[in-house]
Participant: 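Once you've had a glance at the structure underneath, I'll fire off some questions.
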Amino acid sequence: VQLQESGPGLVKPLQTLSLTCSVSGESVSSRSYYWSWIRQPAGKGLEWIGRIYGSGTTSYNPSLKSRVTMSLDTSKNQLSLKMTSVTAADTAVYYCARNVLRSFDWLDPWGPGTQVSVSS
Amino acid sequence: DIQMTQDPSSLSASVGDRVTITCRASETINDHLNWYQQRPGKAPKFLMYGASRLHSGVPSRFSGSGSGTDFTLTISSLQPEDFATYYCQQTYISPGTFGQGTKVEVK
């Protein structure tokens with residue numbers, strides 16, 4: 001399984017950030033996995049943004065829930081992330097990852113990440 | 001949210017050293033604790049789940065222990081490729097939260 005994030009590297013404040021994660025080797029509509037987004041500001045730790053199941057069911061981090069929407073494009077085998085009203089605090093590397101939920105819950109593998117900067 | 005605190009934030013070690021990193025949860029998470037390794041400029045790599053269960057392909061020099069609120073990651077004999085930052089993550093209660101990371105540097 002391989003994942004690859006893509007999107008604009010620069011977004012203006014208060015605009016909407018849109019990212020795509022292309023998945024190969026596994027169907028995003030599989031009922032075996034979830035797909036998560038995680039972000040990491042430069043030099044800082046990791047923050048889980050949310051996840052989407054193959055059926056389209058979503059779960060978001062409450063701290064971002066009001067601004068985040070995740071969706072699947074099964075025809076392209078992609079997942080997408082939209083985040084509205086971005087500020088400089090949203091500047092980070094954004095990762096997508098396959099999220100295994102069985103007796104335990106883990107993220108593997110991860111995409112290489114895509115840098116997003118919020119600036120006018 | 002459950003707060004995860006790692007100690008130390010950084011450490012210096014030499015190849016062959018035994019290294020131990022601790023991770024503490026602000027409330028009990030049973031054994032729902034993962035470990036990831038992140039090399040500079042790379043995505044995190046999954047190492048371990050369930051506090052002590054090695055992911056497939058992870059070298060046996062990595063081990064984990066703990067339950068409840070206190071956990072450890074041990075590298076029995078540090079190898080050159082192990083110099084990296086390590087993160088713990090709890091998945092007991094959503095949202096899954098990460099520790100701030102422990103950077104293992106060359107002494």
Side-chain angles (χ1 to χ4, degrees), chain A residues 1-6 19 21-23 33-53 57-68 70 81 92-116, chain B residues 1-10 21 23 25 29-58 62 64 66-67 71 73 84-103 105:
Chain A
V1 178
Q2 293 187 326
L3 299 91
Q4 179 70 54
E5 305 87 350
S6 61
L19 297 176
C21 174
S22 298
V23 179
Y33 301 107
Y34 287 74
W35 305 92
S36 276
W37 288 94
I38 308 98
R39 69 181 182 178
Q40 184 175 37
K44 296 189 178 180
L46 298 156
E47 179 180 32
W48 181 76
I49 300 170
R51 63 181 160 220
I52 185 166
Y53 189 46
T57 301
T58 55
S59 175
Y60 301 135
N61 190 322
S63 68
L64 298 167
K65 186 175 183 177
S66 64
R67 299 194 292 128
V68 167
M70 295 180 185
L81 169 70
V93 175
Y94 285 73
Y95 299 99
C96 57
R98 186 177 63 176
N99 193 169
V100 178
L101 258 81
R102 304 224 169 88
S103 300
F104 295 96
D105 171 359
W106 66 82
L107 299 161
D108 177 68
W110 297 51
T114 188
Q115 172 70 49
V116 175
Chain B
D1 296 359
I2 294 179
Q3 303 301 313
M4 305 299 294
T5 304
Q6 290 182 230
D7 189 54
S9 295
S10 65
I21 298 167
C23 176
I29 58 171
N30 290 340
D31 58 353
H32 290 255
L33 192 282
N34 300 329
W35 289 99
Y36 299 87
Q37 175 194 68
Q38 186 177 34
R39 297 189 176 108
K42 300 295 186 181
K45 174 186 171 185
F46 175 54
L47 294 179
M48 199 177 306
Y49 67 99
S52 61
R53 297 160 172 84
L54 275 185
H55 181 46
S56 174
V58 174
F62 290 91
S67 185
F71 302 87
L73 172 69
T85 300
Y86 294 84
Y87 292 93
C88 61
Q89 180 207 18
Q90 70 80 21
T91 57
Y92 188 61
I93 293 178
S94 185
T97 46
F98 294 86
Q100 82 279 14
T102 295
K103 186 174 184 179
E105 299 176 297

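Naming convention: chains lettered A, B, ... in sequence-line order (proteins, then strands); numbering from 1 in each chain. Note that this is a predicted model, so its numbers are computed, not measured. Side chains are part of it too, since the values below use all heavy atoms of this structure and drop only hydrogens, waters and symmetry mates.
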Participant: Knowing that exactly one of A/Trp106, A/Trp48, A/Trp110 qualifies, which makes a ring-ring contact (aromatic ring centres under 6.0 Å, His included) with B/Tyr36?
Facilitator: A/Trp110
Participant: Are any of the side-chain heavy atoms of B/Phe98 and A/Glu47 separated by less than 4.5 Å?
Facilitator: no
Participant: Side chain, backbone, both or neither: which part of A/Ser36 has an atom under 4.5 Å from a heavy atom of chain B?
Facilitator: neither
Participant: Around atom CD of A/Gln2, are there more than 12 heavy atoms from other residues, nucleotides or ligands closer than 6.0 Å?
Facilitator: no
Participant: side-chain contact (heavy atoms from CB on, under 4.5 Å), that's the test. Do B/Tyr87 and A/Gln40 meet it? Break it down for me.
Facilitator: CA-CA 12 Å; B/Tyr87 292 93; A/Gln40 184 175 37; 3.1 Å; yes
Participant: Please output the side-chain donor-acceptor pairs of residues 43-56 of chain B that fall under 3.5 Å, not counting sequence neighbours, one pair per line with the distance.
Facilitator:
| unit_1 | atom_1 | unit_2 | atom_2 | d |
| --- | --- | --- | --- | --- |
| B/Arg53 | NH1 | B/Gly50 | O | 2.9 |
| B/His55 | NE2 | A/Asp108 | OD2 | 3.2 |

Participant: What's the spacing between B/Gln89 CD and A/Leu46 CG if we round to 0.5 Å?
Facilitator: 8.5 Å
Participant: Identify which part of B/Tyr92 has an atom lying under 4.5 Å from any heavy atom of chain A, answering side chain, backbone, both or neither.
Facilitator: neither
Participant: Can you name the residues that form a side chain to side chain donor-acceptor pair (under 3.5 Å) with B/Ser67, not counting sequence neighbours?
Facilitator: none
Participant: Out of curiosity, B/Asp1 CG to A/Asn61 CG, how far, rounded to the nearest 0.5 Å?
Facilitator: 6.0 Å
Participant: Quick one: what part of A/Pro109 sits under 4.5 Å from any heavy atom of chain B, side chain, backbone, both or neither?
Facilitator: neither
